[in-house]
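Note on naming: letters A, B, ... go to the chains in the order of the sequence lines (proteins, then strands), and numbering restarts at 1 for each one. Atom set for the values below is all heavy atoms of this structure, side chains included, hydrogens, waters and symmetry mates excluded.
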Protein chains: 2
Amino acid sequence: MIPERTIGRLSLYRRILDQVLDQGRTYIFSHELAKLSGNKPAQVRRDLNVVKCPGCASKGYDVQEMIRCIDSTLDGPDKQRIALVGVGNLGRAVLHYFLGRRKKLEFAAAFDRDHDKVNRVIHGCRVYHIDELNDVIRKENIRLGVITVPVSEAGHIADLLVHGGVRGILNFTPAPLRIPPGVYVENIDITSAIEKVVYFTDLGNREKEKE
Amino acid sequence: MIPERTIGRLSLYRRILDQVLDQGRTYIFSHELAKLSGNKPAQVRRDLNVVKCPGCASKGYDVQEMIRCIDSTLDGPDKQRIALVGVGNLGRAVLHYFLGRRKKLEFAAAFDRDHDKVNRVIHGCRVYHIDELNDVIRKENIRLGVITVPVSEAGHIADLLVHGGVRGILNFTPAPLRIPPGVYVENIDITSAIEKVVYFTDLGNREKEKE
DNA sequence: TTCACGCTGTGAAACATTTCACAACAAATA
DNA sequence: TATTTGTTGTGAAATGTTTCACAGCGTGAA
Ligand SMILES: NC(=O)c1ccc[n+]([C@@H]2O[C@H](COP(=O)([O-])OP(=O)(O)OC[C@H]3O[C@@H](n4cnc5c(N)ncnc54)[C@H](O)[C@@H]3O)[C@@H](O)[C@H]2O)c1
Ligand SMILES: NC(=O)c1ccc[n+]([C@@H]2O[C@H](COP(=O)([O-])OP(=O)(O)OC[C@H]3O[C@@H](n4cnc5c(N)ncnc54)[C@H](O)[C@@H]3O)[C@@H](O)[C@H]2O)c1
C-alpha cells in the first residue's frame with residue numbers, strides 16, 4: 001500500500017522521464033531527477049525503491065527501466081475509461097487537455113443536463129444527457145468519474161456515479177462526497193489552493209508568529 | 001505558522017459556514033462541521049483553536065464568530081490583486097469562476113501571447129500581451145500570480161512574475177518552478193490527481209500487497 | 001440545589017512522512 | 001593492484017500531522 005504523496009510524485013517523475021528519454025538520455029542520477037521534480041535526492045531514491053526500481057551506483061538509474069517500474073505500479077492492466085460529468089468551462093478544459101495525451105486514459109463519455117450540450121461530441125468525447133448516465137456507464141463499462149458540476153449538484157452526481165458502478169472519483173467541487181467504502185475520492189479544491197497562496201504569501205506583511 | 005493542510009481545511013470550513021449562515025443557523029457543533037467537511041470532530045476543534053475561535057460547551061461555536069476568526073487568519077488586510085498568465089481553456093475557466101465570487105480576490109490582469117486574445121476583456125478581466133507583464137503588474141501593484149500556460153513556458157513565466165514583484169504563485173503546470181526564497185508556490189497537478197484515482201481505485205483488481 | 005449530560009479544549013499517544021547519514025559498492029585512475 | 005570518487009539503498013532519527021481520551025464546564029432537568 002503506497003502512500004498518496006508517493007503516488008503523486010511517481011506520476012510526476014514519469015512525465016519528466018518521458019521528456020528525459022526524448023532528449024536521448026538513457027541514465028539519470030537521483031539528484032538530477034530530484035532537481036527536475038523539486039524534491040530531495042533521498043526522497044527520490046525512496047520512491048524508486050517503493051516501485052522496486054534498481055539503480056546502479058556508478059551510472060544511476062536506467063530511464064526506460066524507471067518508466068517501466070512506474071508504469072507497472074500506476075497503470076491498471078487496461079486502458080482506463082472515464083466519465084466526466086458537467087461539461088462547463090472546467091469540464092471542457094479537462095476534456096480538451098487529456099484528448100490523446102495519456103495512452104492509458106480515455107474519456108469515454110461526458111454528461112450534462114443542458115440540452116445545448118447533449119448529443120454533441122466535444123473534444124473527442126460524446127456528451128449524453130445526465131438521465132442516461134446509469135445506462136451509458138454500465139454499457140461502456142466505465143469505472144472512473146470526474147465531477148465538474150456546480151457544488152450543489154456534486155453529492156447527487158456522486159451517488160449516481162457510484163450507483164452506476166464507478167469506483168474512483170476526481171471531484172473538483174468543495175463538497176465532501178458521502179460515498180461507500182471501496183470507492184476512492186480525490187479532491188481538487190482550486191479555491192482553497194488560491195487561499196493558501198494568499199495566506200502564505202502575506203506572511204511577511206501581517207503579524208504572523210514564527211512558532 | 002499554521003501548516004498548509006490546516007489552511008486548506010479552514011478555507012473549506014469558511015465556505016461551508018457561509019452556507020450554514022445563509023440557512024439561518026447561528027451555532028454549530030464540531031461534530032456537525034466535521035460531517036459537513038469530511039473530517040473528524042477533534043480535527044475541527046484543533047483547527048478552530050489554531051485560529052483562536054472559542055466554542056461554548058453547550059451551544060457549540062458561533063458561526064459568525066468562526067467566520068470572523070477564519071477571515072482574520074486567511075485574508076490579507078486588503079483585497080488581493082491577482083494576475084493570470086495563459087488565457088487558454090483552464091485560464092478562462094478560472095477567470096470565469098472567480099468573477100465576483102470571493103470578495104477579497106480580484107483578477108486584476110491577464111496575459112497571453114496570442115494576439116487574438118490580447119486587448120480584450122475576458123470574464124471581466126483585461127488581457128494584455130505577455131510583453132507588457134512587467135509594466136502592468138508593477139503599475140497595478142499585483143503580488144499574486146496564476147500560471148496556466150503550457151508546461152514548457154511555465155519556468156520562464158514564473159521568472160517574469162517574480163521579477164515583476166509577485167510573491168505568491170498558483171501553478172497549474174507540472175513544472176517545478178525554481179523561485180527565490182520568500183516567494184510561495186502552490187501546485188495543482190490535475191494529471192497526477194487523475195493518476196492517483198486510477199491507482200487507488202484499481203487496488204482491488206491488481207495484486208497489491210496490503211502491507 | 002444537585003445531578004447527569006454532552007460538548008469543548010488539549011496533553012499525550014499514535015501514526016505518517018521526510019530527511020539524515022553512512023555502509024557497501026562500481027567505475028575510473030594511478 | 002590499491003586508491004579515490006561519487007552514488008545507491010536503507011536503518012534510524014527527525015519532523016509533521018491526526019487521533020485518542022478525558023478533565024472541566026455550562027446547561028437543563030429533577
Ligand atoms: N472553474 C474554476 O476555476 C473552479 C474553481 C473552483 C471550483 N470549481 C468547481 O468546479 C465546478 C465546475 O466549474 P465550472 O467553471 O466548469 O462551472 P460551469 O458552470 O461552467 O459548469 C457546470 C456545468 O455543469 C452542468 N450541470 C449543472 N448541473 C448538472 C447536473 N445536475 N447534471 C449534469 N450537468 C449539470 C452545467 O450545465 C454546466 O455545463 C464549480 O461549480 C466549482 O464547484 C471550479
Ligand atoms: N486543462 C487541463 O485539464 C489541464 C490538465 C493538466 C495540466 N494542465 C496544465 O495547465 C496548462 C494550461 O492548460 P490549458 O488547457 O488551459 O491549455 P491551453 O493550451 O488551452 O492554454 C494555454 C494558453 O497559454 C498561452 N500561452 C502559451 N505560451 C505563452 C506565453 N509564453 N506567454 C503567455 N501566454 C502563453 C496560449 O496562447 C494559450 O492561450 C497546461 O499546459 C498544463 O500544463 C491543464
Side-chain angles (χ1 to χ4, degrees), chain A residues 1-13 17 20 25-66 69-70 73 176 186-187 192 196 199-200 209-211, chain B residues 1-13 17 20 25-66 69-70 73 176 186-187 192 196 199-200 209-211:
Chain A
M1 186 51 169
I2 304 174
E4 178 173 323
R5 299 293 206 87
T6 305
I7 298 296
R9 285 189 300 269
L10 289 168
S11 162
L12 176 58
Y13 298 156
L17 293 170
V20 166
R25 295 209 42 194
T26 52
Y27 283 89
I28 191 170
F29 292 117
S30 64
H31 69 264
E32 299 176 296
L33 182 52
K35 180 145 288 185
L36 290 170
S37 65
N39 290 290
K40 298 265 163 97
Q43 177 89 83
V44 170
R45 292 201 297 277
R46 270 239 189 273
D47 291 341
L48 291 171
N49 283 357
V50 164
V51 297
K52 307 195 206 359
C53 179
C56 162
S58 46
K59 290 182 291 181
Y61 297 84
D62 178 317
V63 178
Q64 294 199 343
E65 175 71 1
M66 288 164 102
C69 289
I70 298 176
T73 300
E186 174 76 21
N187 296 292
S192 99
K196 280 183 202 171
Y199 173 79
F200 288 107
E209 52 274 41
K210 265 274 157 50
E211 174 265 352
Chain B
M1 184 51 168
I2 304 175
E4 178 173 321
R5 300 293 206 85
T6 305
I7 298 297
R9 287 190 299 269
L10 289 169
S11 161
L12 176 57
Y13 298 155
L17 293 170
V20 167
R25 295 209 41 194
T26 51
Y27 282 89
I28 190 170
F29 291 116
S30 64
H31 68 264
E32 298 176 295
L33 182 52
K35 180 144 288 185
L36 289 170
S37 65
N39 291 290
K40 299 267 164 96
Q43 177 88 85
V44 170
R45 291 200 299 275
R46 269 238 189 274
D47 292 339
L48 291 172
N49 282 358
V50 164
V51 297
K52 306 197 205 359
C53 177
C56 161
S58 46
K59 290 183 288 181
Y61 296 84
D62 178 317
V63 177
Q64 295 199 343
E65 175 70 2
M66 288 164 102
C69 289
I70 298 176
T73 299
E186 173 77 20
N187 295 292
S192 99
K196 280 183 200 170
Y199 174 79
F200 288 107
E209 52 274 42
K210 267 273 156 54
E211 174 262 354

Scanning both residues in full, the closest heavy-atom pair of B:Arg25 with B:Val63 reads O-CG2, 4.0 Å
To the nearest Å, how far apart are [X] [atom1] and [N] [atom2]?
{"X": "B:Phe29", "N": "C:dC5", "atom1": "CZ", "atom2": "C1'", "answer": "12 Å"}
{"X": "B:Met66", "N": "C:dC7", "atom1": "CE", "atom2": "P", "answer": "15 Å"}
{"X": "B:Asp62", "N": "C:dT8", "atom1": "CG", "atom2": "P", "answer": "13 Å"}
{"X": "A:Leu33", "N": "D:dG9", "atom1": "CG", "atom2": "P", "answer": "13 Å"}
{"X": "A:Arg5", "N": "C:dC15", "atom1": "CZ", "atom2": "P", "answer": "19 Å"}
{"X": "A:Ile7", "N": "C:dT17", "atom1": "CD1", "atom2": "C1'", "answer": "14 Å"}
{"X": "B:Asp47", "N": "D:dT18", "atom1": "CG", "atom2": "P", "answer": "8 Å"}
{"X": "A:Met1", "N": "C:dA16", "atom1": "CE", "atom2": "P", "answer": "10 Å"}

Would you mind classifying the nucleic acid contact of A:Thr6 as base, sugar-phosphate or nothing, using non-hydrogen atoms under 4.0 angstrom? nothing
Using a heavy-atom cut-off of 4.0 Å across all strands, would you classify B:Pro41 as base, sugar-phosphate, or nothing? nothing
How does each nucleotide of nucleotides 19-30 of chain C score, in 5' to 3' order, for protein heavy atoms under 4.0 Å: base (B), sugar-phosphate only (S), or none (-)? B-B---BSS---
Start with the C-alpha gap between A:Arg45 and A:Tyr61, add the side-chain angles, then the distance that decides, and say whether side-chain contact (heavy atoms from CB on, under 4.5 Å) holds. CA-CA 10 Å; A:Arg45 292 201 297 277; A:Tyr61 297 84; 3.5 Å; yes
Run the side-chain contact (heavy atoms from CB on, under 4.5 Å) check on B:Leu12 and B:Ser37 step by step: do they pass? CA-CA 7 Å; B:Leu12 176 57; B:Ser37 65; 4.2 Å; yes
Separation between CZ (B:Arg9) and CD (B:Glu4), nearest 0.5 Å, reads 11.0 Å
Consider the side chain of B:Asn49, meaning its heavy atoms from C-beta on, and name the nucleotide among C:dT8, D:dT10, C:dT10 that approaches it most closely. C:dT10
Quick one: does any side-chain atom of A:Gln43 pair with a main-chain N or O of A:Lys40 as donor and acceptor, under 3.5 Å?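 No, the answer is negative, given that no donor and acceptor are paired below the 3.5 Å cut-off.
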On the nucleotide D:dG9, are OP1 or OP2 found under 4.0 Å from the side-chain N or O atoms that A:Tyr61 carries? yes
List the steps, then state whether side-chain contact (heavy atoms from CB on, under 4.5 Å) holds for B:Ile28 with B:Leu36. CA-CA 11 Å; B:Ile28 190 170; B:Leu36 289 170; 4.1 Å; yes
Working for side-chain contact (heavy atoms from CB on, under 4.5 Å), residues B:Ile2 and A:Tyr199: CA-CA 9 Å; B:Ile2 304 175; A:Tyr199 173 79; 3.5 Å; yes
